[in-house]
Amino acid sequence: MNSYDAEVYRNFLLASGWLETDQINDALLVMVNTCAVRQKSVDKAKNFILRLQHLKKERSFYVGLTGCASSLDDFEKLIKKGSVDFYHGPLNAMEVPESFKEFTGNLYSCSNKITATYQKKSSISAYLPIIHGCNSFCSYCIVPLVRGREISIPFDILHKTIRQGVSEGIKEWLLLGQNVNHYGMDFKQKITFSSLMNKIASIDGVLRLDFITSHPKEFEEDLLKVMQDHPTIYRHFHLPLQSGDDEILLRMKRGYTVARYESVIEKIRHYFPNASLTTDIIVGFPGETAKSFDNTMQFIEKIKFDTVYAAVYSHRPGTLSSTFPDILNPEYSKKQLQELLDMQKNIARIQLKRFLNSTNEVFILSSKGAHTYEGKTLEEKSIIVSSTHELKAGDLAKVSIESIKKGVLHGSVLV
Ligand code: SAH
Ligand code: SF4
């Protein structure tokens, strides 16, 4: 969602005739797109703005603050002090905010009317939010507080947007939502996420389809059946576990048990034995004991994820868990986090071997030099592909997977 928001602003400015630079010293406007999920990223943004404030003494330029954290108290002082010239919260609608258009238009003639329904990730790939906001209120999470309640985008709008993107060369679609399984629940006439997937995957020209994030409490078998009918949908499931301990899951208000989570994984593997599975874990949630951490470690070892995104619990003011008394020592949690990541590194290395000596339909992303290309397998694994004939980004190629080098799959195109 953050990448999407950043792309909305970037593409609007580019389409309005602005040029992008990564040299702050050249910039007329510096945009700081923030994330509120963990305090670490809020602090990073704050420090960055303080640096900009310093640079502003030497040279005049503008600073824009956007994203989830812009409304937090952390930035109030900086805004009042004038270190920020423009600010705007997360985008919960599909258009570039009028106030931003006005601000940038005043700096530099800016007339382009672009709406932001999809944003290009590359010339062949795009982000598309299908649902904004979140209704779940997990006890540690600030997202519902900063992004508001769920709003699904009606299918006719999504359809029109995708048709438009396809005509512009977009072949891969990354559908976004805090909980995609809630898609359509806010409509009068309910529609399920799996039926939406069926409709989108049936649109001509959609060569690859991805979705993030699914919630383990609502994951339904229907989706797997739809995926079986559409080999264009990536066989990748990002299912945030957060903890492998039932008591902690209850305190997190996640709405599932470890057994329920495991049954979802079993179903996925029943349909797609080679599916890739990724997850999020929070280490050091208030009240986590050595035993509950150990339960998480054991469960991770049992499931064998391809990737685990783990972080130490971050105190977020306004959330339910910020009132919990039994706070852990973060230094202790950092050690546990490292232990978890070390274990996972080994699991990931072993797991990758399951793709050796198999064939896969690879989506080509870019050229890496003479007869060498970078692509993605159907399970969204990175792969380096050699080919005797020329390929281009967006092509599909049948590839024999032959080796693993430095943790990355390598293969050659079958002719
Ligand atoms: N909607 C997604 C996640 C959005 S936030 C879902 O339900 O999974 C992305 C990840 O950030 C979460 O999965 C969680 O692991 C992490 N996260 C959220 N709040 C956090 C906090 N207070 N401390 C540490 N990690 C947190
Ligand atoms: Fe946060 Fe839970 Fe909503 Fe995900 S589902 S955004 S973790 S409240």
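As a basis for the values below, the full set of heavy atoms in this structure was taken, side chains included, without hydrogen atoms, waters or symmetry mates. All residue numbers refer to positions in the sequence shown, counting from 1. Each ligand, and each atom within it, is numbered from 1 in the order the structure gives.
Heavy atoms of other residues, nucleotides or ligands lying less than 6.0 angstrom from CZ of Arg51 number 12 at most. More than 12 heavy atoms of other residues, nucleotides or ligands shown are found within 6.0 angstrom of NZ on Lys304. Atom CD of Glu247 has 12 or fewer neighbouring heavy atoms from other residues, nucleotides or ligands inside a 6.0 Å radius. When the shell of 6.0 Å around NE2 of His230 is examined, it contains more than 12 heavy atoms from other residues, nucleotides or ligands. Counting heavy-atom neighbours within 6.0 Å of Lys77 NZ, excluding the residue itself, gives a total of 12 or less.
Ring centers of Phe100 and Tyr9: under 6.0 Å apart, within the cut-off.
Side chains of Arg208 and Leu396 form a contact here, defined as non-hydrogen atoms less than 4.5 Å apart.
Remark: the backbone N or O of Ile191 is not paired with any side-chain donor or acceptor of Ser195 at under 3.5 angstrom.
Around atom 3 (Fe) of ligand 2, the protein atoms of type N, O or S found under 2.8 Å away are Cys134 SG, listed by chain and number.
Annotation: ligand 1 has protein neighbours Val37, Arg38, Tyr140, Gln178, Thr213, Pro240, Gln242, Arg254, Asp280, Ile282, Val312, Tyr313, Ser314, Arg316, each with a heavy atom less than 4.0 angstrom from the ligand.
With no hydrogens or angles considered, a side-chain donor-acceptor pair links Tyr118 and Glu168 at under 3.5 Å. Using modelled atom types and a 3.5 Å distance limit, the side chains of Gln242 and Tyr140 yield a donor-acceptor pair.
Atom 7 (S) of ligand 2 has its closest protein heavy atom at Tyr140 OH, 3.4 Å.
Within ligand 2, the atoms closer than 4.0 Å to a non-hydrogen atom of Arg254 are 2 (Fe), 7 (S), numbered from 1 in the order shown.
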